[in-house]
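Here is the structure we will look at, set down as structure tokens.
Side chains are part of it too, since the values below use all heavy atoms of this structure and drop only hydrogens, waters and symmetry mates.
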Amino acid sequence: MSNLMLTINQQDYEFDNLDPRTTLLDVCRHHLHITGPKKGCDHGQCGACTMIINGRRINSCLTLAVMHDGDEITTIEGIGLPESLSELQQAFKDHDAFQCGYCTPGQICSATALIEEIKQQWPSHVTTDLQNPNGLLVQEIAERMSGNICRCSAYPNIIRAISQVLENQQVSNSSSVTDDAPNNSPAGVAISGIWSPPPSEAQIGGHSMVKQTANAANVPNAAGAKGERL
């Protein structure tokens, strides 16, 4: 194939005989020894290989290197190194937002792009006000990071770390991560243990989960005459 020029972490790399079937992830790891991006599932499902291309996050295991001639590619090495951590990397460290660390490069690349998306007021699937998404809501952060899996389940601390940076950069009018579940619960949220965010109004069609639970409790023998589990 013809020459290929890749710009990775502000450095140019030229290839003159690269197999066109080679993924961007394999170019980084096996040709350039840029080993921050990890190969987890190799199917675009875990997010461990996340890189930022022209400001947008992508799964590098699913894209061919030849598709990115001239693009600006950033891996975790381009965000910060041990002696010069980015604000987000420091927040991950402060909040213990990792355990084994295998998924962490992809998590941080994804979260770095997430912060920019919120600054530009891009809505997500759970955004209720499309003109003014509140990036500090628990639901918003969880939804926007849903493509990055942490098998160690450090999700609560990942959300705390991202929230800290969002607050410091003042990208929202809120002062802390809040729970926008439609049950009139207090604004502050304690995130701990095995946790998943409460649904937003957009997800449950504007119906209160509290009311649904109460109504279900008033239905006699809701499990059936023989008591089978539904």
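- Applying the side chain to side chain donor-acceptor pair (under 3.5 Å) definition to pairs two or more places apart or across chains, those involving residues 32-44 are Asp26-Lys39.
- Applying the salt bridge (Lys or Arg N to Asp or Glu O under 4.0 Å) test to pairs two or more places apart or on separate chains, those with a residue in residues 120-140 are Glu140-Arg144.
- By the side chain to side chain donor-acceptor pair (under 3.5 Å) test, Thr7 is found to be paired with Asp12, residues two or more places apart in sequence or in another chain being considered.
- Applying the salt bridge (Lys or Arg N to Asp or Glu O under 4.0 Å) test to pairs two or more places apart or on separate chains, none has a residue in residues 74-84.
- Checked against side chain to side chain donor-acceptor pair (under 3.5 Å), Gln10 has no partners two or more places apart in sequence or in another chain.
- Note on residues 47-59: pairs passing salt bridge (Lys or Arg N to Asp or Glu O under 4.0 Å), not counting sequence neighbours, are Arg57-Glu117.
- Cys103 pairs by the side-chain contact (heavy atoms from CB on, under 4.5 Å) definition with Gln107, Cys150, not counting sequence neighbours.
- Not counting sequence neighbours, the partners of Gln120 by the side chain to side chain donor-acceptor pair (under 3.5 Å) test are Trp122.
- In this structure, Ser110 contributes its side chain and Met145 its backbone to no donor-acceptor pair below 3.5 Å.
- Legend: residues meeting side-chain contact (heavy atoms from CB on, under 4.5 Å) with Ala161, ordered by chain and number and at least two apart, are Ala91, Phe92, His95, Ala97.
- Atom OG1 in Thr127 sits 8.5 Å away from atom CD1 in Ile118 (nearest 0.5 Å).
- Taking 4.5 Å as the limit, every side-chain heavy atom of Thr75 sits out of range of all side-chain heavy atoms of Pro105.
- Of the possible donor and acceptor atoms, one in the side chain of Asn148 sits under 3.5 Å from a partner among the backbone N and O of Gly106.
- In this structure, the separation between OH on Tyr102 and CD1 on Ile149 is 13.0 Å, given to the nearest 0.5 Å.
- Residues in residues 85-94 take part in no salt bridge (Lys or Arg N to Asp or Glu O under 4.0 Å) pair, two or more places apart or across chains.
- For His68, the side chain to side chain donor-acceptor pair (under 3.5 Å) partners at least two apart in sequence or on another chain are Thr63, Asp71.
- With Ser84 contributing its side chain and Gly80 its backbone, the two residues share no donor-acceptor pair below 3.5 Å.
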